[in-house]
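Each chain gets a letter, A, B and so on, in the order the sequences are listed, and its residues count up from 1.
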Amino acid sequence: MAEKVTPRSEDYAKWYTEVVQRAELADYAPVRGSMVIRPYGYALWENIQRGLDNMFKAIGVQNAYFPLLIPHSFIAKEAEHVAGFAPELVVVTHGGGKELEEPLVIRPTSETVMYSMYAQWIQSWRDLPLKINQWCNVVRWELRTRLFLRTLEFLWQEGHNAFATAEESEEDARRMLGVYQDFIENWTAIPVVAGKKTESQKFPGAVNTYTLEAMMGDRRALQCCTSHNLGQNFSKPFNVQYLDKSNQLQYVWQTSWGLSTRMVGAIVMAHGDDQGLSLPPRLAPTQVVIVPIWKSDAEKAQVLANAQQLVASLGKDLRHRLDNREEYSPGWKFNEWEMRGVPLRIEIGPRDVEKKQVVLVRRDTGEKTTVPQNGLQDKVVALLDEVQSNLYARAKAFLEENSHQLDSYADFKQVIEEKGGFIWAHWCGSSECEAKIKEETTATIRAIPFDHEGESGKCVYDGRPSRGRVVFAKAY
RNA sequence: CGGGGCGUAGCGCAGUCCGGUAGCGCACUUGAAUGGGGUUCAAGUGGUCGGCGGUUCAAAUCCGCCCGCCCCGACCA
């Protein structure tokens, strides 16, 4: 193992790939474009799952599981949906040594299978709303891949709600985006810009797609999750109907919403530094690592005994780990745990045992403080809270520093080229301008912010009237 | 699919031009010392040189075909 990772400033993409592997989050798998999520990375994902799952259940969503294989004809039922996913479908043509009568696709997303079942389960207005989520893998044949950010197979959750009215589904799509925003800002400590996707960027088959866009350390945008109002675009081809209170047959109004393991990549890129990961305490698999330090055997016995007491005093609510490996020096361990992003380190050596104190080191700032062993748990809990909020504050400041309000296209091009970041600019709403800007600058419209109609102006590209600013950026 | 790079020990590489029977660093194992920011020293383990075929007394090295991976671009959570 090389000692240092490529500095972020030197080569961001390389830094990212090295950190992900060195921190043992993931590794490349035998098949091109696919990856193994290693125990440490999976532990992080499990914490994400736990946090989100509780939030979903609190608003009445139930978990279920739908099959991996989908009849090809299902995918084809919604015109935009097929068109959108056809290029990245993996199709199964053989089974049991025989060619199948109808090919099956491996789910790229589950709207179609799920709604074929919804059509059977939903009969009456009393069956609504129906809110089902599943945690699963999906497969999309991507041409260009990157650990966590884009792989052929990835893990996610996809929620699918059905309602009686258009108002409810629109409201639900927005509500679920709010749930994600709460989770992402308060758990992953990543600030986001919330808004709507443009026509060209919305989900194939959706009426509206809502998104949360975060800024990574290289100032590029990353879409963290999406929430779609599907309207009746799927209920019609799949015949998801109910009888309303006046005995009329109606099609349901639906939403779907998802967040993937891509979020792990977002955490790496939003908080990491040249030392490696820096994990938000609420999600870190290990929140506190205790590194004992000794010279003689006598000291070793004393230090370890004291360290064990401390571990016990930290209680069961904190995720902690005593690193008593003898084959590594303390300095080596410091670097190792910093690479893995453990938010807080406790150092305890002979001097500390004698003075009944320990040294606390924060991962986010590197700051060291010496504190008495008495009341350590409270101190640790408080410090973890501080790290959590500092990570968010720091990312928020970075997002603001790198957001620019621009009105001329010349400035737009220059800023995108030289500084990067988010550009808030006026846009007339035409797909042509959007496409031209993308072609000329590679920047895309990440989101049309919800409160964007506060200020009128002129389109940054063609000068036509605009009712508000939208967010442009180069994106992952 | 277009452009670029690369396949030699678990990882990173040298050796390839100019054929002569495989080497360095890290990791790993054992031992000793060390231990408050990647600690030393010593002795070891580990390789069908991506695959197949050809040339040759002899191929990691020359020739042909194939396979795979990474990076950059078009498409995308």
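In this structure, A:Thr442 reaches neither bases nor backbone, as no heavy-atom distance under 4.0 Å exists between it and the strands shown. At a threshold of 4.0 angstrom between heavy atoms, the contacts of A:Glu326 include nucleobase atoms, whether or not backbone atoms are also involved. Heavy atoms of A:Gln223 sit under 4.0 angstrom from primed sugar atoms or phosphate atoms, though from no base atom. Residue-level contact check: A:Val291 touches neither bases nor backbone, having no heavy atom under 4.0 Å from any strand. Here A:Arg325 lies out of heavy-atom contact (under 4.0 Å) with every strand. Counting any heavy atom pair closer than 4.0 Å across all strands shown, A:Leu259 reaches no nucleic acid atom.
Phosphate proximity of B:rG36 to A:Arg351: absent, as no side-chain N or O sits under 4.0 Å from OP1 or OP2. Taking 4.0 angstrom as the limit, A:Arg144 places none of its side-chain polar atoms (N or O) nearer than this to OP1 or OP2 of B:rC75. Under 4.0 angstrom from either OP1 or OP2 of B:rU39 there lies at least one side-chain N or O belonging to A:Ser329. Look at A:Tyr328 and you won't find any side-chain N or O under 4.0 angstrom from OP1 or OP2 of B:rU34. Applying the 4.0 Å criterion to OP1 and OP2 of B:rA77, one finds that A:Lys197 has every side-chain N and O outside that range.
For A:Lys295, the side-chain atoms get nearest to B:rG35 when compared with the rest of B:rG35, B:rC72, B:rG36. With distances taken from any side-chain atom of A:Tyr28 to the nucleotides B:rC71, B:rG37, B:rG36, the minimum falls on B:rC71. Checking B:rG37, B:rA77, B:rG36 against every side-chain atom of A:Pro330, the shortest atom distance belongs to B:rG36. Proximity note for A:Glu142 (side chain, C-beta onward) versus B:rG37, B:rA74, B:rA77: the nearest is B:rA77. Nearest nucleotide to the side chain of A:Trp332, out of B:rC75, B:rG35, B:rG38: B:rG38.
Of the C1' atoms belonging to B:rC11 and B:rC70, the separation is 15 Å, rounded to the nearest Å. Annotation: B:rC71 and B:rG35 have their C1' atoms spaced 41 Å apart (nearest Å). Distance check on atom P: B:rA14 versus B:rG25 gives 16 Å, rounded to whole Å. Rounded to a whole angstrom, the distance from the P atom of B:rG54 to that of B:rG2 is 30 Å. To the nearest whole angstrom, the two C1' atoms, one in B:rG50 and one in B:rU34, are 43 Å apart. Nucleotides B:rU16 and B:rC62 have their C1' atoms positioned 10 Å apart, rounded to a whole Å. As rounded to the nearest Å, B:rC69 and B:rU8 have C1' atoms that lie 15 Å from one another. With both ends at atom C1', the span from B:rG47 to B:rA9 equals 5 Å, rounded to whole Å.
Every residue two or more places apart in sequence or in another chain that forms a ring-ring contact (aromatic ring centres under 6.0 Å, His included) with A:Tyr409 is listed here: A:Phe412, A:Tyr461.
For the side chain to side chain contact (heavy atoms under 4.5 Å, CB included) test with A:Ile293, the passing option among A:Glu347, A:Lys333, A:Lys300, A:Glu299 is A:Glu347; the others fail. Among A:Thr151, A:Leu155, A:Asp27, the single residue meeting the side chain to side chain contact (heavy atoms under 4.5 Å, CB included) criterion with A:Ile37 is A:Leu155.
Judged by closest nucleotide on RNA chain B, A:Arg146 is the one of A:Arg146 and A:Tyr476 placed further toward the 5' end. With RNA chain B read from its 5' end, the first of the two nearest nucleotides for A:Thr17 and A:Phe148 is the one closest to A:Thr17.
The aromatic ring of A:Phe154 is stacked on the base of B:rA77, with the two ring centres less than 5.5 Å apart and the planes inclined by under 30°.
A salt bridge is absent between A:Glu185 and A:Lys396; no separation between the charged side-chain nitrogens and carboxylate oxygens falls under 4.0 Å.
For the pair A:Trp257 and A:Gln157, the minimum side-chain heavy-atom distance is below 4.5 Å.
Nucleotide B:rC69 has B:rG5 as its partner under the Watson-Crick or G-U criteria, with both atom distances under 3.5 Å.
Whole-Å rounding puts the A:Glu88 CD to B:rC1 P distance at 17 Å. The CG-C1' distance, from A:Leu152 to B:rC75, rounds to 13 Å in whole Å.
Cation-pi contact between A:Lys197 and A:Phe203: absent, since separation from the ring centre below 6.0 Å together with deviation from the ring axis within 45° is not met.
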